[in-house]
Amino acid sequence: MQLVLEKRAERSNTIALVSPLIAIGLTIVTMTILFAILGKNPFLALQAYFVAPLIDSYSLQEIAVKATPLVMIAIGLSLCYLANAWNIGAEGQFLIGAVAGSWIAVKTQGTDAGPWVLPAMLVLAAAAGALYALIPAICKVKFGASEILTSLMLVYVADLLLDYLVRGPWRDPNGFNFPTTAEFDPVATVPLLIEGGRLHLGSIIALLVVAAAAILLGRTIKGFEIRVVGAAPRAARFGGFNANQLIILTFAVSGALAGLAGIIEVAGPVGHLQPGISPGYGFTAIIVAFLGRLNPIGILIAGLFLALTFIGGEQAQIAMKIPLDVTKVFQGILLFYVLACDSLILYRFKLVFPSRQVARGAG
Amino acid sequence: MQAHQRMLDPISNGLHSGESPLLRTVGLTKRYGDFLANDSIDIEIWPNEIHALLGENGAGKSTLVKAIYGLIQPSAGEIRWHGDRIVLSGPSEARSRGIGMVFQHFSLFDNLTVAENVALGLDGTESFKDMSARLEQVSKTYGLPLDPRREVWQLSVGERQRIEIVRALMQDPKFLILDEPTAVLTPQEADQLFIVLERLKAEGRAILYISHKLEEVKRLCDTATILRGGKKIQTCNPRLETAASLARMMVGGEIKEVKAAAGRQTTIPRLVVNDLSLAPDEAHGVWLEHISFELKGGEILGIAGVAGNGQDELFAALSGERLSNDPGTVVIEGIAAGHLSITRRRKLGAAFVPEERLGHGTAPRMKLSENALLTGHAASGMVHHGFIDTAATLKTVDRATETFDVRKAKRDPEAASLSGGNLQKFIVGREILRNPAVLVVSQPTWGVDAGAAAVIRQALLDLATAGAAVLVTSQDLDELAEIADRIAVMFHGRLSEPLATRDATREKLGLLMGGSSLEPKEAVHAVGA
Amino acid sequence: MELVEAIILSVLAASTPLLIAATGELVTERSGVLNLGVEGMMIVGAACGFGGAWLTGSIFVGALFGIVAGTLMSLMFALMALGLAVNQVATGLALTILGVGLSGLIGAGFVGERITPAAHLNIPGLTDIPLVGRVLFGEDAFIYFSIALIIGVWWFLYRTRAGLILRACGDNHISAHALGYPVLHIRTLAVMFGGACAGLAGAYLPLAYTPFFIPGMTAGRGWIALALVVFASWRPGRLVVGAYLFGAVTILQLHAQGWGVGIPSQFMSALPYLATVIVLVLLSRARTGGSTAPAALGTVFVPDR
């Protein structure tokens, strides 16, 4: 018996819509088995993961808070991936944005700096993220160096830079030697949307980013350019589109969004700069981008879903002592299934039995 | 089954009495989804015979030979070898039984040496050293010289084909399949090949020869089987047929004659190329050297030549996919454009149709309307302030569909879902609808059916009649003879002086395509070389 | 003198996981497949390798566990990228993300545990020769194995018919298929070899380099191994040079930190990563014109049947 792929004449739109749902379904089945292996009650575990976070308002807000950086980063990554530029260093751009924005916060600490501080932090963080992302982009365009490897290497560098700053020059003198800056002043903090709640202005910014991306990709010639450069590079060149310029542009935009997400996270939910401000947002956003099928609305939904797994994972750890790594495994398996199901959009799967040509369609 | 319901053709026309055929297919059927690529085909191959397999693109020729060579498994029907039913597990089994194949798109490895390429086509039972010695011997015996140490990317198309043939001959095949072997050769190289094939036939081998060059088939082949739409139409003796009668069987009707309007007037120069030289931008590319020509409105200039002699590079330089540092090398409508992007050149009134339909001329997995936008965004009012006017792109699709008879399943399908001929009509139509002053088109009818080819050639003639300058690059000399006013030849990145089409005999073009000059004293040298 | 010897010994130890993982990836890529999941396969190999050794007390069993784990991970990749024709870059990323999570889950049980690290060769007389004795005759088995491995791979690729077929698949899968070679099967085997090597390379870290397991201990070595294959222009000889150079950079920065050079330790730690970026840039720049990458690298192949 052998699995054979048969190319579809046209991509299947039905499956394009259904495939993320199939992937989520398969992931849940797999997780059930994994929970059973770990000796946990799968039903209770799944409930802790997917139901419990949805029934109290604190958790709901927390999901939106976690989804904010995921969605912002993933939107930027989706532009890169659509253009066939492989930025996998969003985690580093996130950290650099956080560092750059924090610089203003640290320097204005305790002064009577006015309300310009937060906007300046946001702008500087976006610019720093963009510049950091431009390093691999320029290495790719000018020298042909693999952007995958260079962008990833720079994640480690950014991580070490942040580590150096909060242990060295920026360390809070009153922080009992913990590697952290002092709490940011109120003018350097992202305002909350609901007094006493968790939801902050960053979520609104994320929604605006989603809307802008939807218009860009769906309606404008620039969006068409991005899609055609990725889908058929030679045809794009024939169409008069410059792939190298697009690599620069998409990396810069995704770097800026990642950097912005970084400072929003630091100046919002965290409140100060410290190591470990990201539980791997930059990498999880890759999953969000693919689960959302590189479509802005899809990414919004996928971002909320992945945020749910973060919150659910924490709750499952507290309630059932399920290790936090299960969440990472869950996310990895989900990405596998998403990619596998995407294959169904272009191909029909068939099982072929070599003895006689008995074929069974699936999809 | 079906095979028995159909009347068997009188294949045994008395010539083969008493023996059994070397290979025979009975009701051979290959189905892809709902599509019948081969519908119950019966064919007999006899030793000492060159058997032509004729048919249009999509008639099922390649599918049939792939099944005979074990590359695909038939859905129904059987293959008999020396009268016994066989099921081929794959090409290596076919080879071990004595079936050899020379592919149209060579199955070679560019970055491996000739000897390694040959070794990969054999079963590996002998040492590399013995194999190399035998390679030398076979290539000497048949007059097919090869240097076993060179890497394939360094070789010309003709040399590459030699590797394929020598590789097949080293297995001492009883039956050799050749898929469109002369499509990439100069007329002189083709003559050389025919000598080898005649010799193989005299040695008692059987040859299945796929071609759509009918004169060639009449000259070379003893038997011809014609396929159309996956079905066998007839088996006949091609020497008793005319080229026209063979063409009718292939197409299933009369082919529309392409007519040039009488008294076409040439006007001002619209595309001028001055001493264009350009280094390749790809690893194994060709240098363009000192190319100059002038093309007036109302004129069609043909560029002949064996593939890989710089035609792709010239197309890129003319279209602006590659830029030149010297603006004066390419002049479009009187404006120096060598440094201008393809979009700027389109705005000057130029239009381009590349050779590759899928992946170059169109983005395969995008809709036709998006592919209309691909080249139309520059100068066709499809974009306002950066926003796409979807209605305008759809209108272009509708107009191209109507004007050029593009057949498709729905209004706006993906490019890849169209047949080759229909997609090519769409691409040519997309450009012609913009009323270009200059059209540069590469291999306009490569791999399309005769009906679509006629539509496209007529459209090119009509465009010239309307005053545009048309540059056609083609490997098909018959096509150039049909539509071009003048023909120039590309060889090793250089372009010959154009000849008036009436003076451009096959012999002259063939010499130029092989790199010889037409000057009498140099011609003597060339013959010796 | 002792210091020089110590440095050479530590460079060899630091280079070996890079060399083993890169050797596997070189074979994978030579067959035309780009598996970016080396980091993921390594970290799972590290967790399983340590687990195996910790449970049985045998370094050999630990190494086997690492190899099996890496191979299983690579099979997932093969199923996706070859069986289902999924984009290889995306699949490789997925493999790494999954691997990082899995290793944490597997390793959670024995974080903080210690084992006796792999024994070093000791031939009385030879091992005691000053300067070269311990370098040549006093290494652990992994180091000798890694050298045998790269020589074996060179011999396989350039001196055997199977190696020729593998390179042919990497050059042009359509031609290879037309000649009747089972491209996907060959590539699956190459991917599995890459996975086995990555698993072993990962297992080396807790079995010989440091005798304990910590989450994320591969610290990007899988990615550096990928860069090494590019550095080596897909040729085994240059891979050895590259692996030892990178090992040297790693050790240099560790020693520099030890000597108390007035540079913050984080900057020194960033050195191997920055070196990777710089090397990729310099090499890619030097290579404009002739391409040395396998021509079919990373492209999807779906045979027509």
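A, B, ... follow the sequence lines: proteins, then strands. Residue 1 opens every chain.
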Margin query: Let's go through T23(C) and V229(C) carefully: what are the C-alpha distance in whole Å and the side-chain angles of both, what is the deciding distance for side chain to side chain contact (heavy atoms under 4.5 Å, CB included) to 0.1 Å, and is it a yes or a no?
Written below: CA-CA 8 Å; T23(C) 303; V229(C) 178; over 6 Å; no

Next item on the list: Run the salt-bridge test on R167(C) and E116(B) with the 4.0 Å N-O cut-off and return the result as yes or no.
Entry: yes

Note to self: For chain C, which candidate among G124(B), G70(B), S89(B), P280(B) shows the most heavy-atom pairs at distances under 4.5 Å?
What the structure shows: G124(B)

Check: Does the side chain of R238(C) come within less than 4.5 Å of S233(C)'s, by heavy atoms?
Finding: yes

Notebook entry, point to check: So, D110(B) and R160(B), do they make that salt bridge, N to O below 4.0 Å?
Noted result: yes

Check: Which atoms of A94(B) come close to chain C, meaning under 4.5 Å heavy atom to heavy atom: side chain ones, backbone ones, both, or neither?
Finding: neither

Note to self: Heavy-atom cut-off 4.5 Å, strictly under: side chain, backbone, both or neither for L88(B) against chain C?
What the structure shows: neither

Next item on the list: Please look at A296(C) and chain B and tell me whether the side chain, the backbone, both or neither of the residue comes under 4.5 angstrom of a heavy atom of that chain.
Entry: neither

Next item on the list: Examine whether an atom of F109(B) lies under 4.5 Å from a heavy atom of chain C, and if so say whether it belongs to the side chain, the backbone or both; otherwise answer neither.
Entry: both

Check: Does the pair D179(B)/K61(B) count as a salt bridge with the N-to-O cut at 4.0 Å?
Finding: no

Check: Which bit of L108(B) comes within less than 4.5 Å of chain C, counting heavy atoms only: side chain, backbone, both or neither?
Finding: backbone

Next item on the list: Decide yes or no on side chain to side chain contact (heavy atoms under 4.5 Å, CB included) for Y273(C) and W223(C), but give the supporting numbers first.
Entry: CA-CA 10 Å; Y273(C) 308 115; W223(C) 295 102; over 6 Å; no

Notebook entry, point to check: Considering only heavy atoms, which portion of I165(C) lies under 4.5 Å from any heavy atom of chain B: side chain, backbone, both, or neither?
Noted result: both

